[in-house]
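Here the structure is laid out as structure tokens; the discussion comes afterwards.
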Amino acid sequence: MSRLWLMAALATLLAACDQNMDVQPRYGEYSRAPLFRGSVLRRPPVNTVARDALEREKVATTKPALTPELLARGRERFGIFCSPCHGGGGDGNGIIVQRGMPRPTSYHSDRLLAADDQYFFDVITNGHGAMYSYAARVPPRDRWAIAAYIRALQLSRHASLDDVPPEERAKLESAP
Ligand code: HEC
């Protein structure tokens, strides 16, 4: 009998424990602060700098050297984050556009051919018109990598034979 009581007591205790974990006392970010004027989520004090902000700023303003690794990374990230709308070739006919998203300007348009890398970096950071910002999903170094890959996509349709290294040229010329 005493064993039954013990089990009943344990069950009650454990149940209560579980409930405490589920419903913890906490503030909602935007609810009224009991101590300060305004909401619980405070504005950072003037002239404070967030941890990592300087490092991020440095990466954001320094274009990394163009390497095969950077391009490969850009290609991978472009495939994940951009091609659903911009299409694998950058024409702006990705699957989401085929399902109703407004069609973006092709990367092969004269205006975007003339844009610099910084412009692509900034569009990823801030969004553009109907396109939302990718700042939270694509870190600064990857933005440079994607910009570099977009340049490669553009070049793929505007390169001339003179851009091909001489030792590779013969291969192209003999291709069927
Ligand atoms: C959900 C769909 C979508 C995704 C994903 C997307 N974009 Fe866009 N993007 C658009 C649309 C739509 C526009 C045109 C917006 C407008 O003009 O209102 C656009 C415009 C652009 C432009 C051209 C801006 C101009 O001057 O016309 C660039 C550059 C661009 N996107 C780059 C990117 C890159 C890089 C990525 C990946 C990190 C990306 N986009 C991901 C939908 C998308």
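These values consider heavy atoms only, across backbone and side chains, with no hydrogens, waters or symmetry-generated copies. Fair warning: this is a prediction, and the values are worked out from it, not measured in the lab. In each ligand, atom 1 is the first atom listed, and ligand 1 is the first ligand listed.
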dist His108:NE2 -> Leu155:CG (nearest 0.5 Å) comes out at 10.5 Å
Quick check on contacts: which atoms of ligand 1 are under 4.0 angstrom from a heavy atom of Phe120?
29 (C)
Please state which option from Tyr134, Tyr107, Tyr149 has its nearest heavy atom closest to atom 33 (C) of ligand 1.
Tyr107
Atom 12 (C) of ligand 1 [closest protein heavy-atom partner, distance rounded to 0.1 Å]
Pro102 O, 3.3 Å
If you measure from CD on Glu57 to CD on Glu55, what distance do you get to the nearest 0.5 Å?
11.0 Å
Need the ligand 1 atom indices (1-based, order shown) with element for anything under 4.0 Å from a heavy-atom of Tyr119.
24 (C), 25 (C), 26 (O)
Under 3.5 Å: donor-acceptor pair, side chain of Thr48, backbone of Pro44:
no
Examine the proximity of ligand 1 to Arg77 and report which part, side chain or backbone, both or neither, has a heavy atom under 4.0 Å away.
neither
If the contact criterion is a heavy-atom separation under 4.0 Å, does Pro84 count as touching ligand 1?
no
Test item: Pro34 and Tyr27 side chains (from C-beta on) under 4.5 Å apart, heavy atoms:
yes
Could you tell me whether ligand 1 has any atom less than 4.0 Å away from a heavy atom of Arg111?
yes
The protein heavy atom nearest to atom 18 (O) of ligand 1 is Ala130 N, 2.9 Å
Atom of Val164, atom of Glu168 and distance for their closest heavy-atom approach:
CG1-CB, 3.7 Å
Under the side-chain hydrogen bond (donor to acceptor under 3.5 Å, both in side chains) definition, can you give me all pairs with a residue in residues 116-131, not counting sequence neighbours?
Lys63-Asp117, Asp117-Arg151, Gln118-Asp122, Thr125-Arg143
Between Tyr134 and Arg137, is there a cation-pi geometry (under 6.0 Å to ring centre, at most 45° from the normal)?
yes
The complete set of side-chain hydrogen bond (donor to acceptor under 3.5 Å, both in side chains) pairs with one or both residues in residues 83-100, sequence neighbours excluded, reads His86-Tyr107, Asp91-Arg157
Using a 4.0 Å heavy-atom cut-off, say whether Phe78 meets ligand 1 through its side chain, its backbone, both or neither.
neither
Hey, looking at atom 23 (C) of ligand 1, which of Ile80, Ile96, Leu112 has the closest heavy atom?
Leu112
Mark up the atoms of ligand 1 that fall under 4.0 Å of a heavy atom belonging to Tyr132, in ascending order.
1 (C)
Connected via hydrophobic side-chain network under 4.5 Å: Phe81 and Leu112:
yes
Measure the spacing between CZ of Arg42 and CG of Leu35 and express it to the nearest 0.5 Å.
8.5 Å
What distance do Trp144 atom CH2 and Thr61 atom OG1 have between them, rounded to the nearest 0.5 Å?
8.0 Å
Using a 4.0 Å cutoff against the non-hydrogen atoms of Ile150, which atoms of ligand 1 qualify?
35 (C)
With heavy atoms and a 4.0 Å threshold, my read on which part of Val97 contacts ligand 1 is neither
Can you list, by chain and residue number, the protein N, O or S atoms under 2.8 Å from atom 8 (Fe) of ligand 1?
His86 NE2, Met131 SD
Taken in chain and number order and not counting sequence neighbours, the residues that satisfy side chain to side chain contact (heavy atoms under 4.5 Å, CB included) with Ala72 are none
